[in-house]
Amino acid sequence: MRWLRDYFHLCTTSNRRFMEYQPRSIERKWLKWWQETGTYRVSSQGKKPKYYILDMFPYPSGAGLHVGHPLGYIASDIVARFKRLQGFNVLHPMGYDSFGLPAEQYAIQTGVHPAESTERNINRYREQLENLALSFDWSREVRTSDPGYYKWTQWIFMQLFSHYYDLEAQKALPIAKLVQHFEHYGSSEIRAVCNEDTPSFSASEWKAMTEEEQQTLLMCYRLTYPEESYVNWCPGLGSVLSNDEIKDGVSERGGFPVERKLMKQWTMRITAYADRLLDGLDHLDWPDSIKEQQRNWIGRSHGTSVRFGVEGHPEDYIEVFTTRVDTIFGVTFMVLAPEHELVSKITTNSQRDEVASYIKWAGSRTDVERMAEGKKVSGAFTGAHAINPFNGALVPIYIADYVLAGYGTGAVMAVPCGDERDWNFAQHFKLPIIPILDTQRDLDKSADATKEGRYINSGMIDGMVYEAAVPTLVGWLEERGLGAGKVQYKLRNAIFSRQRYWGEPVPVYWKNGLPYLIEECDLPLELPAVDQYLPTETGEPPLGRAQGWRYTAPDGQQYDYELNTMPGWAGSSWYFYRYMDPSNSSEFCGKEALDYWKQVDFYIGGAEHAVGHLLYSRFWNHFLYDLGKVPEQEFAKKLVNQGMIQGRSNFIFRAKERFFEEYVWLKVLKPFFEEEQPINMEKLGHEEGMHYDFAFASNDLVIEVTSRRQEEKIERVLKSAAADGKRLLVLTNEELADYINDPSATAGKIRRALLGREPYYMTEEEPKSNALYVSCHLTSKYTPDAFSRLHVDVNIVENDVLDLSKAAGLPMFERASFKLDADGKFHCTSEVEKMSKSKFNVVNPDDVIERYGADCYRMYEMFIGPIEVAKPWNTNGISGVAGFLRKFWDLFFNEQGWRVVDEVPDKEELRHLHYAIKKVTEDIERFSLNTCISHFMIMTNELRALKCHKRAILEPAVVLIAPFAPHLAEELWRHFGHTETVCDAVWPICQEEYLQREVVVLPVQINGKHRGNIEVAVGLEGAELEKLVMEQEFVQRNLGGASVKKFIFVQNRIINIVI
RNA sequence: GCCCGAGUGGUGAAAUGGUAGACACGAGGGACUUAAAAUCCCUUGACCCUAAAGGUUGUGCAGGUUCAAGUCCUGUCUCGGGCACCA
C-alpha cells in the first residue's frame, strides 16, 4: 500500500510544473517558515564573535519603496548572511526615522495625526522589506517617534545640558564640577569651551550672584544652551533650518526661500568637539569623499590673531584673524562686517549717513540675492583709521558684506597685493596696493598670493623667506600681547530647535526666563495633543496650542514647557545603540549589550548624509564616550555609500499635425506623382492670405490636412476655397492614422478627388483612431517638430519595445494607432533620469518580484554594477539572471525530479567549485557583489557543460549562493535532507590543492605585444622553459632572426621576450 | 574659483602593473516548431586580409616611467558630486 501511495505521489508531483523552478511558490513557503520559526532572531549572548552590520534607517515616506531603495539593504543582507555562515553572531537590524516634515505637512493638510499616517507608511515599508527576504531581526525594530525611544533622545539632551567641555581634560565634564570650581576660584584657571563674550569673575563675585545670574552665566558653558542668534528662517516651512538643510539658498525640502532672522534657539556646542571630529577621521575606514566633506565642513585653519589699534579710540582695538600674518606690512585698509560691534562707535559724523544706509542695504539682502550678484564690490568708509601694530601705519577702516560676521572676529586686515577680494575692493575704492614680496608680478592686473621669494617693504622681515617670517612676527606679537597663533574653524554650533510639532519635545521648562531640565523620572516628555499642526496666532510653535500642557516642578509650581521640538537629526544620532538593547526601559542601552556589540562594524547608506547625520552622530558619540556610556570613540568602523539607482525613462512620439502633412507629401503625393503622369504641383498654395497644405497648379483641387476636431478651421478653409474657385479635399489626421500602414488608400482618395467634380471631399466614416504614435526609428524621416515626445510608463516597455497589448489597456492609448517598424515592433527611445512618478520611470520592486521572484531581484540588483556607483535601473537585463537561476536549479532537478547523485567528483568539477568558493569569498569581503554573481554564472555554466549533478559539488554550491538567493538555497538545502535552516550551514572553505592544474596556458609576448600562447607544465621554468618557448613556430616567425636581449617570465602569468 | 570622484564595445560592466572587454543585456545568424513563445547553438570593439591563417588598431586627449600601463607619474579636456566671499 505504502509503495502504491509513494508511486502515486511521484506521478502527481513529478510532472513538469512541479519540477520547474517556480520562484514564487518556493519563496512564499520559506518566507513564512522563517517568520514562524524566528530564523533571524539575534541574541546578545554567546561565545560567537559579533558582527554588527547596519543600514541607514529610512524615513517612511508615503510613496513606499522603489527599486532604488533596497540596493543597500540587499547588499548588507548578503554580507550579514555571509558572516553568519562564517560563524559570526550577526546583528542586522532595521527601523524607522519616523519623525519628519512630510508627515507633519500631511497632517496640516488633512488633520490626520502624524503618528497615524506614519504607522500606515511603516506597515507598507515592512511589507515590502519582508518580501525581499532581508534577514532583519524585526523584534529589534526601533522608531524615533516612539516615546519609549525618544525618552532616551531627551535623556541625552539632558546630559548635554548638564555638561561642559573641559579643555584641560579634553572631554565633557559635569557642570557641577564647573560650579565647584567657580565657588573656589572664580573663572580663573578654568580652561573650558564657552561663548566668545563670557565674562571673567572671581569666586566672591560668583557667590554674590543671584541664582538667575549664575544660571545665565552657566549657559555660556553648557553643551546645549538657548541662544539669541541669527538663524535661517524659512517662512514657507514655518521653521528654522540648519545650514545643511539649505541648498542654493532655498530649503532643501520644498525649495522655499530662506531669510536671516534673530531668534532664540537651542544650540549644540558641536564646536567643542571640532578637533576630535576632525582628527578622528584619520582612523576611520570611510570613503575619502565623505571624510573630505567633513574636513571642509569643520574647516580648521591655522593662523594668527592680531590686534589693530583704532586712532582716537585708545581703549578699543580691532582683532583680526589671518592665515597670512607675513603679509601684514601689505595692509592698506581694514574691513569690518556690517554687523561688527565697533562700527557704530568708530564711524565719524561725516560718514554716519553713508554707513547707516550701507548697513540697511546689506541687511535687506537675502542670501539668494547675494549669491546672484557674485563678487560685485560694495562697501562704505567709516571715516576711522586703524593702527598697524608693526609700523604704526594708519589705514582706513571700511565696512563691507564680503566680510562675514559669523566667521573669525568679523574683521579682516586687507592685503590687496595678495588677496583677490581685497585687491578688487582696493581697485573699486582706489586704495593703495603695496607689494611685499620680490616675486610678486602684475599687481596692476590681479593679486598674487605667492609665498615664494623674499619680503620687501616689510620692516623687520625684509629679506626673509616665508618660513622665517611667520615665527618672527608671531613671536613679536606674543611678547607684546598684541596677538597669538590661533586655530579657527568654519564649523558653527548647531541650531537644535525646530518650530514644528512632529519631533521630540525638548525636556525643559522655563522659570523666570531661564530654562531648567525636567526631572529624569518625568521622562519621556510626550508630545501633547493639539487641535491643529500650525503655529499659534501669536507665532509660537504648534506645541503652544496644547491645552493645559504645563510642568509641575519639584517646587510645586507650574511652569511653561519649551515649545520648540528637536530637529530631525536628534533621533538618528544614536539609534545604532538602541538596536543592541531595544526594549530597555532603564537605560538607552544596557552595559552588557554595549560591551558585546561595541560599535557598528559596517555601515551602509547614502552619501547625502555626509555632513549631516554622519557628523552629528559622531559628535554625540564622542560625547557619550566622554561620559563612559559607550565603549568606542567612533560609532561606525567602516562606511560604504551605495550609489543611487536612477530611472531609465522611455519616450514615445505622438504625431502632430505637421507629421500628417509631411506624411501625405512623402508617402502619398511624391510617389503617386512619380508613378503617374507628372503633374505640375505647388506644395503650398497661397491665395487671399490662406495657406492650403497642397494645391495643384494644373488642377483646381486643394488639399487640407487637419484634425477633424478642428471644425472651425475646416469651415474657414472651405469658405476660402469656394472664394478662390478651388475644390477642397480634407484629409483628417484621424483617417490618415487609421490607414497609416496603407498609403495607397490615401492615394486612392486623392486620385478620385483629382479626377472628380465634387467641390468638397471629406470622409464621412467615423475614424477608429484619435491619436497616432510613431515608432522611433521612423521619426528621423520627419522634422523634429512633427512629434511630441512623451514619457511612457516603463512598465509596459520591454527592451525599448512597447508592449502593445498592455498599452491598449491604458486610457492614454484608448483608440490610438501605432505606426510600427519594419520588424513589426514599436520602438521607444530612452534616457537616464531621476526616478520619479512624473517621469513614469518608477519601477516597483513588488512587481519585479511577482514576475521574477525575490531571489532573482536581489541578484539582479547586485549584478547591475558596483554598489558605490550610481547606475540606471533597466529591467531588460534581468532575464540573464533569471536564466542563470533556472540553469542552477536544473543542476538539481530534471523532469524526473531530484537528480543529485552521490558520485565522487572529479578534479575538474572540484576545481570549478573551489575556484568559485575562492572568488565569491574574496569578492564579498571586498564588497564586490556584482562579480560574485558572474562567478556563480561561470560555475553553473561549467558544471552544466560537465553534466555534473554530484552532491559533493552541489551541496557546498548551495551554501555559497545562500546569501544571495536565500529562498532557492533553503529549498535545495532541504532536499539534501537537512532539517535546519541553510542560514546556519557552514561556509565552504577553498582548498588550494583543487585549484592546481598540471598544465597552464601562458601568453607569450614579444616586446610587449601578444603573439601567441603556449601550454606548459606547471612549475616549468628557467632554461628548460626558455628553450621550449623559443622552439615555438610563432615565436621564431615573429622574432625574425633578432637576438633575444631579455627573457621575462612571471610565474603562472606571462612570458615576455625583449629583442 | 577651490576640493573630491569618474571617463573602457550599441548597453550594464570586468580586469593584485602581466592575453583589455570576463559575466550579462542587446543585435545578427542558425536549430527546434504548421507558426509564435520558450529553449538550445554560433557570431558580435573597430579596421584590413584569408582557403585556412594572420595582421593593424583600440580603455577621453598629449606626454612620461616600465620588459610590460585601463591600472603608476605629469599636463590637459569633458562629465558628475561637494564647498564657496571662510580672511
Side-chain angles (χ1 to χ4, degrees), chain A residues 243 247 287-297 299-301 303 320-324 327 335 337 370-371 373-377 400-404 406-415 418-422 424-425 488-492 607-608 610-611 641 643-644 648 799-801 830 832 860 863-866 868-881 883-884 886-887 922 926 928 930-938 940-941 1001-1013 1034 1037-1038 1045-1059:
Chain A
N243 287 341
K247 293 276 175 295
D288 286 336
S289 66
I290 298 282
K291 293 207 265 188
E292 202 53 35
Q293 279 182 62
Q294 294 209 353
R295 286 191 188 106
N296 288 340
W297 193 259
R300 178 163 69 188
S301 58
V320 299
F321 173 76
T322 176
T323 52
R324 288 293 301 275
T327 63
V335 188
R370 268 181 62 165
M371 234 172 306
E373 283 168 35
K375 300 218 164 21
K376 211 170 130 190
V377 177
D401 66 357
Y402 83 83
V403 174
L404 306 175
Y407 181 74
T409 58
V412 301
M413 58 178 225
V415 184
D419 183 284
E420 200 195 316
R421 290 154 301 165
D422 296 346
N424 286 336
F425 197 85
Q488 189 68 47
Y489 302 90
K490 273 197 271 187
L491 184 70
R492 302 271 73 93
E608 65 273 18
V611 290
N641 295 124
M644 263 224 290
R648 187 173 180 282
N799 292 338
D800 293 341
V801 173
S830 70
V832 173
Y860 181 58
F863 185 62
I864 314 179
E868 298 91 333
V869 178
K871 54 220 166 260
W873 173 268
N874 186 350
T875 310
N876 297 350
I878 202 170
S879 61
V881 176
F884 153 72
R886 215 195 45 250
K887 284 185 209 166
E922 278 172 7
R926 64 190 182 97
S928 168
N930 53 332
T931 51
C932 290
I933 317 280
S934 301
H935 295 305
F936 285 130
M937 289 173 169
I938 294 168
T940 304
N941 290 342
V1001 177
L1002 288 176
V1004 179
Q1005 294 183 337
I1006 293 171
N1007 277 352
K1009 266 196 171 56
H1010 179 229
R1011 293 298 177 183
N1013 294 329
F1034 75 88
R1037 179 158 42 83
N1038 283 291
K1045 283 204 192 112
K1046 206 168 171 185
F1047 187 90
I1048 290 157
F1049 169 60
V1050 183
Q1051 187 94 75
N1052 289 334
R1053 279 283 178 199
I1054 205 163
I1055 291 159
N1056 192 6
I1057 303 165
V1058 187
I1059 53 174

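Quick note on labels: first sequence line is chain A, next is B, and so on, each numbered from 1. None of the values given here were measured: they were computed from a predicted structure.
- Note: A:N1056 CG to A:F1047 CZ = 9.5 Å, rounded to the nearest 0.5 Å.
- Put simply, CZ on A:F425 is 14 Å from C1' on B:rA87, counting in whole angstrom units.
- In terms of phosphate contacts, A:N930 brings a side-chain nitrogen or oxygen within less than 4.0 Å of OP1 or OP2 of B:rA14.
- RNA chain B is contacted by both A:S928 and A:N874; A:N874 maps to the nucleotide lying nearer its 5′ end (nearest heavy atom per residue).
- Of all heavy-atom pairs between A:T323 and A:F321, the closest is CG2-CE2, 4.1 Å.
- Nucleotide B:rC79 has B:rG5 as its partner under the Watson-Crick or G-U criteria, with both atom distances under 3.5 Å.
- For the OP1/OP2 pair of B:rG82 and a distance below 4.0 Å, the side-chain nitrogens and oxygens of A:S289 include no atom meeting the criterion.
- Looking at heavy-atom distances under 4.0 Å, A:P872 makes no contact with the nucleic acid at all.
- The base of B:rU19 does not come close enough to the side chain of A:R1053 for any donor and acceptor atom to sit less than 3.5 Å apart.
- Remark: the separation of the P atoms in B:rG70 and B:rG81 is 29 Å, to the nearest Å.
- Nucleotides B:rG45 and B:rG26, compared at atom C1', are 15 Å apart to the nearest Å.
- When rounded to the nearest whole Å, the span between CD of A:Q1051 and P of B:rG18 equals 16 Å.
- Backbone-only contact: A:K887 has heavy atoms under 4.0 Å from sugar-phosphate atoms and none from a base.
- Side-chain N/O atoms of A:Y407 include one lying less than 4.0 angstrom from OP1 or OP2 on B:rA87.
- A gap of 26 Å separates the C1' atoms of B:rC42 and B:rU34, to the nearest Å.
- At a cut-off of 3.5 angstrom, the base of B:rC67 holds at least one donor-acceptor pair with the side chain of A:N1056.
- Side-chain contact between A:W873 and A:Y860: present, with at least one pair of heavy atoms (C-beta onward) separated by less than 4.5 Å.
- For A:R300 and B:rC3, the CZ to C1' distance is 17 Å, given to the nearest whole Å.
- Of the inter-residue distances, the one linking A:D422 atom CG with A:Y402 atom OH reads 4.0 Å to the nearest 0.5 angstrom.
- Rounded to a whole Å, the NE2 atom of A:H1010 is 16 Å from the C1' atom of B:rC67.
- Between A:N424 atom CG and B:rG1 atom C1' there is a gap of 12 Å when expressed in whole angstrom units.
- Straight-line distance from the CD atom of A:Q1005 to the P atom of B:rA20: 7 Å, rounded to whole Å.
- Atom CZ in A:R1011 sits roughly 9 Å away from atom P in B:rU57 (whole-Å rounding).
- B:rG9 shows a glycosidic angle within 90° of 0 and is accordingly assigned syn.
- In this structure, B:rA52 forms no base pair with any nucleotide, since neither Watson-Crick nor G-U wobble geometry is met with both distances under 3.5 Å.
- Rounded to an integer number of Å, the gap from A:I864 CD1 to B:rC23 P is 19 Å.
- Here, B:rU78 and B:rG29 have their P atoms 42 Å apart, quoted to the whole Å.
- Both distances falling under 3.5 Å, in either a Watson-Crick or a G-U wobble arrangement, place B:rA27 opposite B:rU43.
- Heavy atoms of A:R886 sit under 4.0 angstrom from primed sugar atoms or phosphate atoms, though from no base atom.
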